[in-house]
Amino acid sequence: MRYLSTRGQDAPCTSANCIVKGLASDGGLYVPESIPVLSPDELKAVASGSYIDSANLILSKFLTDFTSDELSECVKGAYGSGGFDSANPAPLHKASDGVYYLELWHGPTCAFKDMALQLTPRLMVKSLKKTGTDKKTMVVVATSGDTGKAALEGFCDVDGTAIAVFYPKGGVSEVQERQMVSQKGGNISVAGIIGNFDDAQRSVKELFAGKVFVKKASDAGWTLSSANSINWGRLVPQIVYYVTTSLKVVENNPQSTAVDFVVPTGNFGNILAAYYAKKMGAPVGRLYCASNRNDVLTRFIKTGRYDTKREFIKTASPSMDILVSSNLERLLYEILGHKANGVKGFMSELSETGVYQVSDDMLGEINKDFCADACSDEDTFEEIRRVFDESGYLIDTHTAVASAVAHRIKVQKGSGTRGASDAGESPATPLVVVSTASPFKFSGDVLFALSGERLDGFSALTKLSELSSLPIPKQLSGLENAPILHDNVVKREEIADFVESLL
Ligand SMILES: *Cc1c(COP(=O)(O)O)cnc(C)c1O
């Protein structure tokens with residue numbers, strides 16, 4: 001399987017190459033030349049197999065330059081060696097109203113980023129070997145809060161790599177910040193930036209595209225790479241849980257042929273993995289993109305106009321506070337039938353004017369798979385309360401955005417106000433809310449939603465545990481006393497200098 005850049009200017013390369021590079025040098029994202037389709041026998045094997053076996057099979061379809069031994073070593077290391085707190089890293093919870101919650105936060109940092117970032121560094125080490133480089137890799141990460149810690153955990157003391165994480169100072173939860181700035185490890189740097197996630201992501205992308213900087217790094221013995229979902233090695237592990245979950249839910253609901261997912265969305269990476277799973281032949285129905293008040297994606301999916309010229313809002317779901325969702329570029333590429341020139345045109349428009357508009361035909365294509373809806377913080381808090389009151393189940397602020405959207409879908413279908421048949425599906429199509437973080441990671445806001453009480457994030461951990469009768473996850477207990485090892489704060493334009501000082 002060869003990988004191409006969505007902007008068409010880079011030579012095709014192997015998966016190892018695209019994992020090492022992270023971003024194509026023309027500024028585009030790497031995508032597989034075609035999406036592999038699973039045979040009925042393979043789907044059957046996944047339906048009855050373990051998570052690890054399924055991951056091996058699905059990854060082998062995309063990472064064709066890896067041997068099966070290499071893949072299984074990586075997969076076993078990621079999901080089989082105790083990083084996750086249960087044998088199935090992606091368990092399903094069924095709430096009393098029949099909605100499923102896919103819990104993707106049982107890994108070392110209590111957010112879904114671990115599902116990929118326990119694996120990506122392992123794939124990166126193998127990829128570095130395969131490409132035969134004698135250079136070390138500097139992984140540069142822009143984070144809206146959760147990727148940073150998950151990448152630090154994944155790359156901590158990994159031979160031949162160093163990692164630099166930039167998070168928006170004041171734009172992440174207290175628990176998230178302390179998780180990052182207390183990270184130990186000899187190859188690690190963390191800095192707050194003055195600005196928001198979009199500023200951080202743009203600066204990092206500019207770093208990759210800056211020929212002078214890349215040359216400087218190379219002369220010093222380093223290549224740059226990324227652990228954001230712009231890196232294919234980060235995206236591909238996320239396809240696995242959509243294939244396994246959709247098969248499992250269909251098996252448990254024999255009257256249904258497909259499963260709808262509602263995904264709390266920021267950079268469009270998680271929901272895009274669901275799209276790839278569907279194209280591989282998994283029984284995935286509609287994909288509901290759930291946004292917070294930064295609802296650029298929701299508006300795009302409804303109108304075809306992507307408009308970033310608006311105020312950036314800080315919300316109670318900070319990991320989704322994003323206006324420029326990088327992975328949408330990969331979807332445009334698929335929708336355009338792999339016409340890189342078209343993608344390039346939209347991306348130039350976006351960087352020049354902050355806006356682009358796709359044709360009605362393209363929007364129609366997108367709406368075959370995607371629907372969208374958005375929530376305010378008030379909706380989010382109310383949903384946390386509703387779910388806890390009705391079924392005793394505790395969800396975090398990001399999951400609540402998706403859960404609120406799922407609840408609206410259920411209510412609409414139930415009352416028939418929006419004819420389910422219009423949408424071409426039966427009211428019985430099971431709904432899976434993708435649960436992306438432990439409620440304890442956003443303890444301050446979750447506690448506020450339930451009790452109206454405002455405490456700092458650490459006091460809220462204890463209070464939330466009392467109120468819910470759930471233990472504080474061991475990954476987060478004691479965090480309050482973890483020493484702060486990284487206290488750098490840099491301006492957006494200082495990111496390059498900061499990284500250079502690490503080379
Ligand atoms: C990253 C993140 C999201 C958004 O995922 P994308 O892949 O960026 O769309 C949602 N919820 C949580 C908790 C996250 O950490």
Side-chain angles (χ1 to χ4, degrees), residues 29 101-117 120 141-153 165 167-168 171-173 175-177 179-180 197-198 200-201 226-232 234-239 241-242 261-277 287-292 294-298 300-301 315-331 370 372 374-375 380 384 395-405 433-443 445-446 476:
L29 273 56
Y101 291 80
L102 174 60
E103 296 181 351
L104 299 177
W105 39 262
H106 290 275
T109 75
C110 295
F112 95 94
K113 306 296 197 286
D114 290 326
M115 295 300 298
L117 282 166
T120 313
V141 178
T143 181
S144 57
D146 287 329
T147 290
K149 177 63 179 181
L152 289 166
E153 279 289 326
V165 169
Y167 69 93
V172 302
S173 85
V175 171
Q176 285 179 310
E177 179 170 38
Q179 278 186 308
M180 290 187 275
F197 171 76
D198 288 326
Q201 177 164 256
S226 159
N228 285 97
S229 52
I230 52 178
N231 192 322
W232 182 253
R234 162 80 191 275
L235 202 78
V236 69
Q238 299 179 172
I239 300 171
Y241 49 79
Y242 286 105
F261 286 94
V262 191
V263 187
T265 297
N267 220 0
F268 208 72
N270 201 4
I271 196 168
L272 186 71
Y275 173 83
Y276 284 119
L287 299 172
Y288 290 90
C289 168
S291 310
N292 64 24
N294 295 297
D295 59 348
V296 181
L297 280 167
T298 293
F300 172 70
I301 290 168
T315 73
S317 40
S319 301
M320 295 153 63
D321 287 348
I322 295 174
L323 298 180
V324 184
S325 301
S326 294
N327 278 294
L328 193 59
E329 181 167 348
R330 286 188 165 115
L331 179 66
F370 292 91
C375 286
T380 306
I384 292 174
I395 55 176
D396 94 291
T397 46
H398 302 76
T399 307
V401 170
S403 186
V405 169
V433 169
V434 177
S435 178
T436 49
S438 157
F440 286 95
K441 199 158 187 184
F442 300 92
S443 50
D445 279 322
V446 174
L476 303 179

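We count ligands from 1, going down the list as the structure has it; atoms in each ligand are counted the same way.
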List of N/O pairs, ligand 1 versus protein, all under 3.5 Å?
from, atom 1, to, atom 2, distance (Å)
ligand 1, 7 (O), Gly269, N, 3.2
ligand 1, 7 (O), Asn270, N, 2.9
ligand 1, 8 (O), Asn267, N, 2.7
ligand 1, 9 (O), Gly266, N, 2.8
ligand 1, 9 (O), Asn267, N, 3.2
ligand 1, 9 (O), Phe268, N, 3.1
ligand 1, 11 (N), Thr436, OG1, 2.8
ligand 1, 15 (O), Lys113, NZ, 2.6
ligand 1, 15 (O), Asp146, OD2, 2.5

Derivation and outcome, side-chain hydrogen bond (donor to acceptor under 3.5 Å, both in side chains), residues Ser317 and Asn292 | CA-CA 7 Å; Ser317 40; Asn292 64 24; 3.0 Å; yes
Tell me, with the steps shown, if Asp321 and Ser144 meet side-chain hydrogen bond (donor to acceptor under 3.5 Å, both in side chains).
-> CA-CA 7 Å; Asp321 287 348; Ser144 57; over 6 Å; no
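At a cut-off of 3.5 Å, with distance as the only test, a side-chain donor of Gln176 or Ser319 sits close to an acceptor on the other residue.
Sequence neighbours left out, the pairs with a member in residues 433-443 that pass salt bridge (Lys or Arg N to Asp or Glu O under 4.0 Å) are Asp146-Lys441.
Contacts of Ala200 classified as side-chain contact (heavy atoms from CB on, under 4.5 Å), with partners at least two apart in sequence or in another chain: Ala142, Ile193. By the ring-ring contact (aromatic ring centres under 6.0 Å, His included) test, Phe261 pairs with Tyr242, sequence neighbours left out.
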